[in-house]
Every structure is written in C-alpha cells, then in structure tokens.
Amino acid sequence: MDARQRLREARRIVVKVGTSTLAHDTGMLNLYRIDHLLRELADLMNEGREIILVSSGAIAAGLSKLGLAKKPDSIPEKQAVAAIGQGVLMHIYEKFFAEYGKTIGQVLLTKENAVRHHQYRHSRDALLALLAMGAVPVINENDAVAVDEIKIGDNDNLSAMVATLVDADALIILSDIEGLYTANPATHPDARLIHEVEEITPEVIEMAGGAGSSLGTGGMATKLQAAQVAMSAGVNMVIASGSEEGALRRILQGEEVGTVFAARESHLRVRKSWLAFGKRLQGDLVVDAGCVKALEGGSSLLAAGIKAVDGDFEAGSTVRVLAEDNREIARGIVNYNTEDLRRLIGHRTEDFEHLVAGAVHEEVIHRDNMVLMV
Ligand SMILES: Nc1ncnc2c1ncn2[C@@H]1O[C@H](COP(=O)(O)OP(=O)(O)O)[C@@H](O)[C@H]1O
Ligand SMILES: N[C@@H](CCC(=O)OP(=O)(O)O)C(=O)O
C-alpha cells in the first residue's frame, strides 16, 4: 500500500502547527485560522481519529501580549516571553476546543523526556492516558526551562519525537507553505512542489533553506530532520499549508495534498530513532572491536571497551560511538562528562568510585538511551 493510501487509514495522528500558521505577519495571533483548524481537528476526532496537537506560537503569543515587536536578545527574557505566551495560547485552545465539545491537556516536553528511559515511559504513559480519556494533548517544548543540551530547539523535531513516542500512524506538519519545493520559493520563484519523497538523500537536504519569516524556527531544514526521524520510525509524514481550509481532511482521504514522506518498512531497532538525527552531537567515543560486537548484540556501552574520547561535553550530551576504523556504530546519551570519562577509559565498574567526582553509573551509555546506526 502506498503512503497516501495508508494516510486514509491513519487513526492516531500528530498534527504540528507552526508559528507562521498561527500568527499574522503583524505577529498577532490569527484567531480565524486557529478556530478553523481546531474545528477541523474536532471533527476528525468525531470521525474516530485520535489527535495530538504540537503547537508552536508561545513566543509569538507572548510578544503580542507584551506589545513587543521582536524576540528579546537575552535567554531569560525569551523564556519569560514563552511562559507568558504559553498561557495565552492554552487559554485560546481551551476556549475554542470547548466550543466543539473537546477537552485538552497541556504537555510541555524537553529532550530529556524522550531520551531518558524512565522519563520516556512516563511521558508516553501520560500522553496515552490523555488519548484514552478522549482528550487532545496539546504539546509544546518547555521553553521556560529548556536551554542548551536539554532543548530540542524546534517543534518540527519535537513533533517527530512525539509521533514516535505515541506510535502515531501519521505526522502532519502545517506550515505557511504547501510542502517541500525543489528550492526555497522565497528566493527561487521557479521552484516546483515535490509531491512525494521516498528517501532523504543529500540532494533533498540541499533543497531545504531556513525559516521564511522572523517568527518561524528552522524552516524546511528542521522539517526534513523530522521527516528522517518519522520515516525511520515507520510514521508517514506530510508537510502541507496550514492556511488551506480542509487540507487536513483531504490529506486523510488520501488526496495528493502537500509533500508526503513515505515511512520505511523496516525501521530502526530502537524506537527513539529521533535521537539518531538529533542536532547537537557533542563528541565521539572510539571503542574496540569486542565492544562493537557487544553493542550490536544489544548491550549497554561500558568503559572497558572505550579506547578514546574526543570533544568536550557534559553528562547528558549526545555523542557518537565509533569503531576504530571510524565507522559510526551508535549514538546515545552519555552518563559522564569528558573529564570523568577520560579517567575511566579501559577501567572496570568496580574501580569507578575512586576515579570519578560525581555520581557513579555502571554504563557509560545505557542501551535504552542508545540508537544503533549499523
Ligand atoms: N525547499 C523549500 N521548500 C519550501 N519551503 C522552504 C524551502 N526552503 C526553505 N523554505 C522556507 O521554510 C519556510 C517554512 O518554515 P518556517 O518559517 O520555520 O515555518 P513554521 O513556523 O511553519 O515552522 C517557508 O516559508 C519557506 O520560506
Ligand atoms: N516553542 C516555540 C516554537 C519553536 C518552533 O519550532 O517554531 P515553529 O518553527 O514556528 O514551529 C514557541 O512556542 O514559540
């Protein structure tokens, strides 16, 4: 069955809506569009589908509430604007969805919620419980607290992470553009819309440019990262215009709307495949042949197999695991910082207590926090 056909049967759907769709060019919220979008979502639920809404727009809503023309420069001020705007957004969602008889539940996530195994389980359970109650989880990144390595940074990647977290059948990203074009139409007026992408090749990545407006984050580049994650996790993804009324319904009827990214049949062995393509790779661990074998067999990464540590990272960073011939074996969240790790190289767990300053973990990378790349 092709991807468009499978969309007709999609039952659990993650819909991501970007700032460029939620706000006017003036920066003020586009209430007309939000209302229509929510009505369409409510009706899809009445049809028997489950909807998870990943909504951007907190910063835009905060700016317009405060009467500011542009994002502040300092991080704490950006966090404060997002905190104010998130409340404004939820107030509107609560009000509009209630008119269509729907209940919502706010879930604010960070990267940690999906990569740490216990948090991953808790986030997943909470989202599934909301769906079981017939509610719409409304998700955003927890911008008020997420900085640096715990930040995903854009809601395209967040929506792909959520789609894998809840085992969605489809991810639909609504933007201010009809889909992926052969080049950024803002700078290439002759660019053509691509209807279907089967694989994210370097040529496809080459087509993607940055955000089209000062409100958007990441542009097409982050949407392709999301596609890579979704496809490898077995989730069909569509990019379509959020301003076209009825687009969602038409997509879910299998019509040729926007760009569809076809899910791969055989997907990564670990569900948290989005980790594999996360942006912030902060170092490399080179491991010996025995360790490569153990990892391929499903083991955690232990210090005994590490030959070298490159980079300068903190515990909780995402790093690559390389074989001695430089082949990439895995990516994962490391439990130690560079300094501690260099001291642990080649040592057994019994010796760790004397070697590290902070908390002792048996694994350098736990298997639950690791994605095999081979
Ligand atoms: N190849 C491309 N095809 C389509 N749009 C592109 C491409 N390259 C860059 N873009 C830009 O990406 C923008 C959409 O991303 P963004 O501004 O981040 O919106 P959103 O708020 O929906 O995430 C488009 O308006 C367009 O200017
Ligand atoms: N979390 C931020 C949005 C980040 C983001 O990715 O924005 P967008 O490119 O508009 O989807 C906010 O709510 O303002």
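Just so you know, ligand 1 is whichever comes first in the structure, and atom 1 is the first atom listed for that ligand.
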- Message: Taking 4.0 angstrom as the limit and counting only heavy atoms of T19, give me the atoms of ligand 1 inside it, by number and element.
- Response: 21 (O)
- Query: Hey, does P185 come in under 3.5 Å of ligand 1, counting only N/O atoms on both sides?
  - Reply: no
- Task: For ligand 2, find out whether one of its N or O atoms is nearer than 3.5 Å to an N or O atom of A58.
- Result: yes
- Task: Could you walk me through whether R320 and D284 pass the salt bridge (Lys or Arg N to Asp or Glu O under 4.0 Å) test, one step at a time?
- Result: CA-CA 5 Å; R320 298 192 301 169; D284 292 336; 2.9 Å; yes
- For G179, take its heavy atoms, then give the atoms of ligand 1 lying under 4.0 Å from any of them. 3 (N), 4 (C)
- Output yes when a side-chain donor or acceptor of R367 lies under 3.5 Å from a complementary backbone atom of G298, and no otherwise. yes
- Message: Taking the side chain as everything from C-beta on, heavy atoms only, tell me whether M90 gets closer than 4.5 Å to V138.
- Response: yes
- Query: Is it the side chain, the backbone, both or neither of K16 that has a heavy atom closer than 4.0 Å to ligand 1?
  - Reply: side chain
- Under 4.0 Å from ligand 2, counting heavy atoms only, is it the side chain of K16, its backbone, both or neither? side chain
- Message: Heavy-atom contact check, 4.0 Å cutoff: does A183 meet ligand 1?
- Response: yes
- Message: If you measure every N or O of I59 against every N or O of ligand 2, does any of those distances drop under 3.5 Å?
- Response: yes
- Kindly confirm or rule out an N or O of G18 lying under 3.5 angstrom from an N or O of ligand 1. no
- Please indicate whether any nitrogen or oxygen in G57 is less than 3.5 Å from any nitrogen or oxygen in ligand 2. yes
- Does any N or O atom in T182 lie less than 3.5 angstrom from one in ligand 1, N or O only? no
- Got an N/O contact under 3.5 Å between D143 and ligand 2? yes
- Note: M45 and G134 closest approach over all heavy atoms is CE-O, 3.7 Å
- Do the non-hydrogen side-chain atoms of I172 and L252 ever get within less than 4.5 Å of each other? yes
- Message: Just to be sure I read this right, does ligand 2 sit under 4.0 Å from the backbone of N140, its side chain, both, or neither, counting only heavy atoms?
- Response: side chain
- Item | SB check E339 R343 (cutoff 4.0 Å) | yes
- Under 3.5 Å side-chain donor-acceptor pair for E363 and S300: no
- For D176, the ligand 1 atoms whose distance to one of its heavy atoms is below 4.0 Å: 13 (C), 14 (C), 24 (C), 25 (O)
- Query: Taking all atoms of both residues into account, what is the closest heavy-atom pair of L41 and L53, and its distance?
  - Reply: CD1-CD1, 4.1 Å
- Item | Atoms of ligand 2 close to G18 [distance to a heavy atom under 4.0 angstrom, numbered from 1] | 10 (O), 11 (O)
- Can a salt bridge be assigned to the pair D156 and K223 using a cut-off of 4.0 Å between side-chain N and carboxylate O? yes
- Message: Does any N or O of ligand 2 fall below 3.5 Å from an N or O anywhere on D156, backbone included?
- Response: no
- S56 neighbourhood, listing ligand 2 atoms whose heavy-atom distance to it stays under 4.0 Å: 3 (C), 5 (C), 7 (O), 8 (P), 10 (O), 11 (O), 13 (O)
- Message: Show the atoms of ligand 1 that are less than 4.0 angstrom away from any heavy atom in K223.
- Response: 15 (O), 16 (P), 18 (O), 19 (O), 20 (P), 22 (O), 23 (O)
- Message: Could you check whether E350 pairs with R348 (Lys NZ or Arg NE/NH1/NH2 to Asp/Glu carboxylate O, under 4.0 Å)?
- Response: no
- Task: Report yes if the side chains of F96 and L37 come closer than 4.5 Å at any heavy-atom pair, otherwise no.
- Result: no
- Task: With heavy atoms under 4.0 Å as the rule, classify the contact between A208 and ligand 1 as side chain, backbone, both or neither.
- Result: backbone
- Have a look at ligand 2 and work out which part of T19, if any, has a heavy atom under 4.0 Å from it: side chain, backbone, both or neither. both
- Task: Show which atoms of ligand 2 fall inside a sub-4.0 Å distance from at least one heavy-atom site of D154.
- Result: 6 (O)
- Task: Would you mind finding which of T21, I139, N155 brings a heavy atom closest to atom 6 (O) of ligand 2?
- Result: N155
- Message: Is any side-chain heavy atom of H347 closer than 4.5 Å to one of L355?
- Response: yes
